[in-house]
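Inspection log for the structure reproduced underneath, given as structure tokens.
Heads up: numbering here begins at 1 and tracks the sequence.
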Amino acid sequence: MLSTTLRGRRIVLALDRRAEDLAAALERHGAEIHHAPALSMIPHVDDPQLLATTRELLADPPSMLVVTTGVGLRGWFEAAESADVDERLREALAGASVIARGPKARGAAQQAGLAVDWVAENGTSAEIAEHLSTLDLQGVRVAVQHHGSGADGLDEHLAALGAEVVNLTVYRWGPPRDPAAVHRSVLEASRGEVDAVLFTAAPGTENWLQAAEAAGVMPGITEHAEAGDLLFAAVGPLTAGPLLDRGLPALLPERSRMGALVRAVVQHYTPDVADAPADPAGPRGGNPS
């Protein structure tokens, strides 16, 4: 155990992807973890929609590829390999100009054998949008590899620039596998029996809040959150959006990374800084990689 900072704290993880990693990191500080993933992840290898779009790109390769996450690009090639079209995909993308959202996306593209032409060094979609605005994309076929929610505005921005957009979401969100666990978590949060709820994807945040609304317990949850007795923490501003839209405070890490999220939560409960909120509502940072 690294510390006892979170000992006695009941923390709900309303997430599916990498939940065990996050749980282990928090438990090393003494937290009591409860899993209530408000959505499920459809694996890329079993995703017929992804494979159909991949075959479309094999038949008509793009002139530009926007890579938004390293894990997403690797997952795409894993899915292509399972369908025995990975070499064809690599050939189809060989002539494309590759835009990467951050160093992780660049590294994954290079590992896949793709030459990267431009990198958003701060890892934000806003940087990519600004760069794309400097290019003549009228009629250009652009493939965009999204993260799970796909809600980064790049498709719409590219379409407004006249590009022909093909989007790939390498993993998609489905309904929660255990709705009872989600229902139980919102009831417990409304009764003050939960110290914190953590989110790593905007659809999961929205689904958890909708479950609370459907159960009629949002007034209690709001009361505890506004009193500072219930912490909502999100990995980045996109993920925090549904909370902020409802006027709920959200703790955000300095960087949109799992490790940074753990550090922010631990710091929040560290005695000498507990009375000085790290960042109760202000979104900042990039998107999850």
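- Identified under the ring pair (Phe, Tyr, Trp, His ring centres under 6.0 Å) test for residues 88-132, with sequence neighbours left out: Trp118-His131.
- Counting heavy atoms from C-beta outward, Leu22 and Leu198 have side chains that approach closer than 4.5 Å.
- A salt bridge does not link Glu91 with Arg88: none of the charged nitrogens is closer than 4.0 Å to a carboxylate oxygen.
- Looking at Ser133 and His157, their side chains do bring a donor and an acceptor atom within 3.5 Å of each other.
- Atom CG of Asp60 sits in a crowded spot, with more than 12 heavy atoms from other residues, nucleotides or ligands closer than 6.0 Å.
- Applying the ring pair (Phe, Tyr, Trp, His ring centres under 6.0 Å) definition to pairs two or more places apart or across chains, those involving residues 195-217 are Phe199-Trp208, Trp208-Phe232.
- Atom CD of residue Glu20 and atom CD of residue Glu27 lie 8.0 Å apart, to the nearest 0.5 angstrom.
- Residues Val140 and Ser63 approach most closely at CG1-CB, 3.8 Å, considering heavy atoms.
- In terms of modelled atom types and a separation under 3.5 Å, the side chain of Thr200 and the main chain of Leu15 share no donor-acceptor contact.
- Note that CG of Leu137 and CE of Met64 are 5.0 Å apart. Values are rounded to the nearest 0.5 Å.
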May I have the list of side-chain donor-acceptor pairs in residues 105-114 shorter than 3.5 Å, sequence neighbours left out?
none

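- Contact record, Gly216 with Pro219: O-CD, 4.0 Å, taken as the closest heavy-atom pair.
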Point to revise | Step-by-step side-chain contact (heavy atoms from CB on, under 4.5 Å) determination, Leu65 to Ile99 | key: CA-CA 6 Å; Leu65 170 66; Ile99 306 296; over 6 Å; no
Check your understanding: What do the steps show when you test Leu158 against Glu164 for side-chain contact (heavy atoms from CB on, under 4.5 Å), and what is the final call?
Key -> CA-CA 8 Å; Leu158 282 162; Glu164 177 191 348; over 6 Å; no
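- No donor-acceptor pair closer than 3.5 Å links the side chain of Asn207 to the backbone N or O of Leu39.
- Summarising the local packing, CZ of Arg141 is surrounded by more than 12 heavy atoms from other residues, nucleotides or ligands at distances under 6.0 Å.
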Exercise for review: For side-chain contact (heavy atoms from CB on, under 4.5 Å), just list the numbers for Glu193 and Leu230, CA-CA rounded to whole Å, side-chain angles, deciding distance to a tenth of an Å, and then say yes or no.
Suggested key: CA-CA 9 Å; Glu193 299 170 3; Leu230 174 62; over 6 Å; no
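- Closest non-hydrogen pair, Leu187 versus Ala215, comes out as CD2-CB, 4.4 Å.
- Annotation for Ala163 and Val142: closest pair CB-CG2, 4.0 Å, computed over non-hydrogen atoms.
- Distance alone, capped at 3.5 Å, places no donor-acceptor pair between the Asn167 side chain and the Val144 backbone.
- For the residue pair Thr68 / His146, no side-chain donor-acceptor distance below 3.5 Å is found, with atom types taken as modelled.
- Side chain of Thr134 to main chain of Glu130: no donor-acceptor pair is present (N/O by atom type, distance under 3.5 Å, no hydrogens or angles).
- More than 12 heavy atoms of other shown residues, nucleotides or ligands fall within 6.0 angstrom of atom CZ in Arg191.
- For Glu127 (side chain) and Thr124 (main-chain N/O), a donor-acceptor pair under 3.5 Å exists by modelled atom type.
- In this structure, the separation between CZ on Arg9 and CG on Leu231 is 9.5 Å, given to the nearest 0.5 Å.
- Using a 4.5 Å heavy-atom cutoff, the side chains of Pro37 and Leu13 are not in contact.
- Every residue meeting the salt bridge (Lys or Arg N to Asp or Glu O under 4.0 Å) condition with Asp21, not counting sequence neighbours, appears here in chain and number order: Arg18.
- Looking only at side-chain heavy atoms (C-beta outward), Leu168 and Leu57 come within less than 4.5 Å of each other.
- When all heavy atoms of Gln145 and Gly72 are compared, the pair lying nearest together is NE2-CA, 3.5 Å.
- Contact check for Arg257 versus Lys104: side-chain heavy atoms found under the 4.5 Å cut-off.
- Counting heavy atoms from C-beta on, the side chains of Ile11 and His34 never come closer than 4.5 Å.
- Under the 4.5 Å side-chain criterion, counting only non-hydrogen atoms from C-beta, Gln138 is not in contact with Leu161.
- The ring-ring contact (aromatic ring centres under 6.0 Å, His included) check on His35 picks up nothing, with sequence neighbours excluded.
- Here the side chain of Thr205 pairs a donor or acceptor atom with the backbone of Thr239 at under 3.5 angstrom.
- When all heavy atoms of Leu154 and Ser125 are compared, the closest pair comes out as CD2-O, 3.8 Å.
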Point to revise | side-chain contact (heavy atoms from CB on, under 4.5 Å) evaluation trace for Phe77 with Arg90 | key: CA-CA 9 Å; Phe77 271 88; Arg90 198 169 282 105; 3.6 Å; yes
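- The distance from the NE2 atom of His268 to the OG1 atom of Thr5 is 12.5 Å, given to the nearest 0.5 Å.
- Side-chain contact between Arg55 and Leu50: absent, with no pair of heavy atoms (C-beta onward) separated by less than 4.5 Å.
- Note that NE2 of His224 is 11.0 Å distant from CG of Asp195, once rounded to the nearest 0.5 Å.
- The pair Arg246-Glu213 meets the salt-bridge criterion, since a charged nitrogen lies less than 4.0 angstrom from a carboxylate oxygen.
- For the salt bridge (Lys or Arg N to Asp or Glu O under 4.0 Å) test, residues two or more places apart in sequence or in another chain that qualify with Arg10 are Glu32, Glu188.
- Here the CG atom belonging to Leu209 is positioned 7.5 Å from the CD1 atom belonging to Ile221, to the nearest 0.5 angstrom.
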